[in-house]
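One structure is given below, encoded as structure tokens.
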Amino acid sequence: LLLRPFNMITELPPYYQPWMDIAQHVTELIYSHTLRSHILKMALLNTRFLESHRELRLAHLALSVMTMGYVWQEGENDTVKMLPRNLAIPYWKVSQRLGLPPILTHADAVLANWKKRDPHGPFDMENLELLVTLPGGDSVRGFFMVTLLVELAAVPAIKSIPLVINGVQCGDAETVTSALEEISQAMEGMTDALKLMHAYVKPEVFYGIIRIYLSGWKDNSSMPAGLVYEGIQAEPMEYSGGSAAQSSLLHCFDELLGVKHEENCGAFLTRMRNYMPSSHKHLIQDISLQPSLRGFVQQEASELLTAAFQLCVTKLMALRSYHINVVSRFITVPAARARQLRSQGNSSQEETVSRAPTALEETGTGGSGIMSFLKTVRDRTRDVSLPLDNRAMQKSTNGAQPQNTQYTTHQTHLQSNTF
């Protein structure tokens, strides 16, 4: 969760160069329709020479990108039924060591897929670039890097969660209030970072080109039987594609604030935790086991504390509402345009949109019915709201800066390198 500026590794040990040679050229090989043939000729490599966590993460990223390209090289109408053993076996073994599924996840494409152009420069769009990419040009970089900046904006909030938990346990309303104010400010920063999506990603490119390479083989009519991982088991397996629901940030906030989701949405969100690094999943579980923050706020009956809690709820709702806005512009509107063009038999005008995969029109890449899901999740966030008067909210908004309180709860999770 903490994306501290450290030196990313950009290469694996020389033994694994055959993986990197393909992974770093996936886009060109897809466009030349030769990626599958290159992978079929690739040597079956042993994973035992991958020693560090960072090496495993980079290997998983490289194998994930190769897998998505192999499956979707020819689009939704010419998928494959089997991932070849020289890719499937090492991919499975690396995934098992990391506790991640053998498919491209948010943790791969976003959290482990960046480096600074200038190692001493700022952590911003101009100084970040991808380690590996997929078709979509600058919009792919924009999509992954903006998402990374949303994660970065959340760091102060994640750091403040142990302060909230300790404050509740100690009955320290002042510390809890200050920490909640820090969290609400970070949530606003996340929304501001998400707004960059409009500047760096073209909707027609995201919808028409990028989305298919983020799609999985669960709840996808293009691959209804799933995918066989040759050399692992004979029966096909089903895995969801990449999704914002695989980011641990909103899961942490929901558990902290006590947001309870509708049954179907909750089941999907819970399943998405299996697509996160194990340390992220454990952090979410730890937060869920703590005494109720909302109950503490109600018990204390403090105007400032209640206002700070409510401001967090309001900012989380605003973030989710803005996400709906982004999804509308990048998915719903292009989908409607694509249907219109297809109904007119038009395949040349606005070609990128009109040839977009039809299987994803009503769903997210993770397999959810995307707009109804997002709206239901947002509305359930509203349910944890607490009543307060306008004066208290004004005081909270203009309140004192959060204190630099010492803490130990969950410190191991927060200080560990979990990229």
Side-chain angles (χ1 to χ4, degrees), residues 8 10 12 19-39 42 57-80 83 87 91 95 100-115 125 128-149 151 197 200-217 220 222-223 227 239-244 246-247 275 330-331 334 351-353 355-357 359-360 364-367:
M8 296 289 296
T10 59
L12 294 174
W19 291 352
M20 298 305 295
D21 285 342
I22 295 177
Q24 291 174 339
H25 297 91
V26 161
T27 297
E28 303 99 287
L29 294 173
I30 288 174
Y31 284 142
S32 65
H33 302 276
T34 59
L35 176 61
R36 289 177 182 171
S37 61
H38 274 75
I39 288 176
M42 187 175 70
R57 289 298 297 274
L58 180 56
H60 198 272
L61 170 64
L63 294 167
S64 295
V65 168
M66 282 192 278
T67 296
M68 304 313 274
Y70 186 90
V71 170
W72 299 115
Q73 175 181 290
E74 303 300 330
E76 65 176 338
N77 296 319
D78 186 15
T79 56
V80 296
L83 200 65
L87 177 52
Y91 194 18
S95 299
L100 288 171
I103 193 169
L104 183 72
T105 68
H106 174 88
D108 298 306
V110 176
L111 300 184
N113 192 21
W114 60 272
K115 67 178 179 180
M125 287 296 294
L128 290 170
E129 63 181 52
L130 298 175
L131 299 181
V132 295
T133 190
L134 287 163
D138 290 340
S139 288
V140 172
R141 174 184 172 272
F143 179 70
F144 291 148
M145 293 295 92
V146 169
T147 307
L148 178 68
L149 293 181
E151 295 269 340
M197 201 68 75
Y200 289 96
V201 184
K202 295 179 179 179
E204 65 275 13
V205 175
F206 176 77
Y207 183 78
I209 298 176
I210 299 172
R211 285 189 83 214
I212 192 169
Y213 297 102
L214 308 180
S215 305
W217 24 100
N220 189 335
S222 294
M223 296 184 66
L227 181 68
Y239 292 103
S240 297
S243 168
Q246 294 171 4
S247 169
Y275 292 73
F330 284 84
I331 298 177
E351 183 173 323
T352 300
V353 168
R355 294 188 177 179
L360 298 175
T365 47

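FYI, side chains are in, hydrogens and waters are out, and symmetry mates aren't considered; it's all heavy atoms of this structure.
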Working to the nearest 0.5 Å, report the span between [atom1] of [X] and [atom2] of [Y].
X	Y	atom1	atom2	answer
Met20	Met66	CE	CE	8.5 Å
Met197	Lys202	CE	NZ	16.0 Å
Asp108	Met68	CG	CE	10.0 Å
Thr79	Glu74	OG1	CD	11.0 Å
Arg36	Ile30	CZ	CD1	9.5 Å

Quick one: closest heavy-atom pair of [X] and [Y], and the distance?
X	Y	value
Val80	Met223	O-CE, 3.5 Å
Gly241	Gln246	O-NE2, 2.9 Å
Ile103	Gly216	CD1-CA, 3.6 Å

Do the ring planes of Phe143 and Phe206 sit parallel (below 30°), tilted (30 to 60°) or perpendicular (above 60°)?
-> tilted
Can you sort out the partners of [X] under side chain to side chain contact (heavy atoms under 4.5 Å, CB included), two or more places apart, ordered by chain and number?
X	value
Thr34	Leu29, Ser32, Ser37, His38
Ser95	His60, Tyr91, Pro102
Asn77	none
Ser247	His106, Glu151, Leu249

By ring-ring contact (aromatic ring centres under 6.0 Å, His included) - contacts of Tyr213 (at least two apart) | none
Could you pull out every donor-acceptor pair under 3.5 Å between side chains of residues 128-138 and any protein atom, sequence neighbours left out?
| unit_1 | atom_1 | unit_2 | atom_2 | d |
| --- | --- | --- | --- | --- |
| Glu129 | OE1 | Arg117 | NE | 3.0 |
| Glu129 | OE2 | Lys115 | NZ | 3.4 |

Where do Tyr200 and Met145 land on the side chain to side chain contact (heavy atoms under 4.5 Å, CB included) test, with the steps shown first?
-> CA-CA 9 Å; Tyr200 289 96; Met145 293 295 92; over 6 Å; no
Are the side chain of [X] and the backbone of [Y] linked by a donor-acceptor contact shorter than 3.5 Å?
X	Y	result
Arg141	Val201	no
Trp19	Leu12	no
Asn220	Trp217	no
Trp72	Ile212	yes

Where do Tyr207 and Phe330 land on the side chain to side chain contact (heavy atoms under 4.5 Å, CB included) test, with the steps shown first?
-> CA-CA 6 Å; Tyr207 183 78; Phe330 284 84; over 6 Å; no
List the steps, then state whether side chain to side chain contact (heavy atoms under 4.5 Å, CB included) holds for Leu148 with Phe144.
-> CA-CA 6 Å; Leu148 178 68; Phe144 291 148; over 6 Å; no
Test Leu104 against every option in Leu214, Thr67, Leu63 by the side chain to side chain contact (heavy atoms under 4.5 Å, CB included) rule and name the one that passes.
->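 Going through the options one by one, the only one that passes is Leu214.
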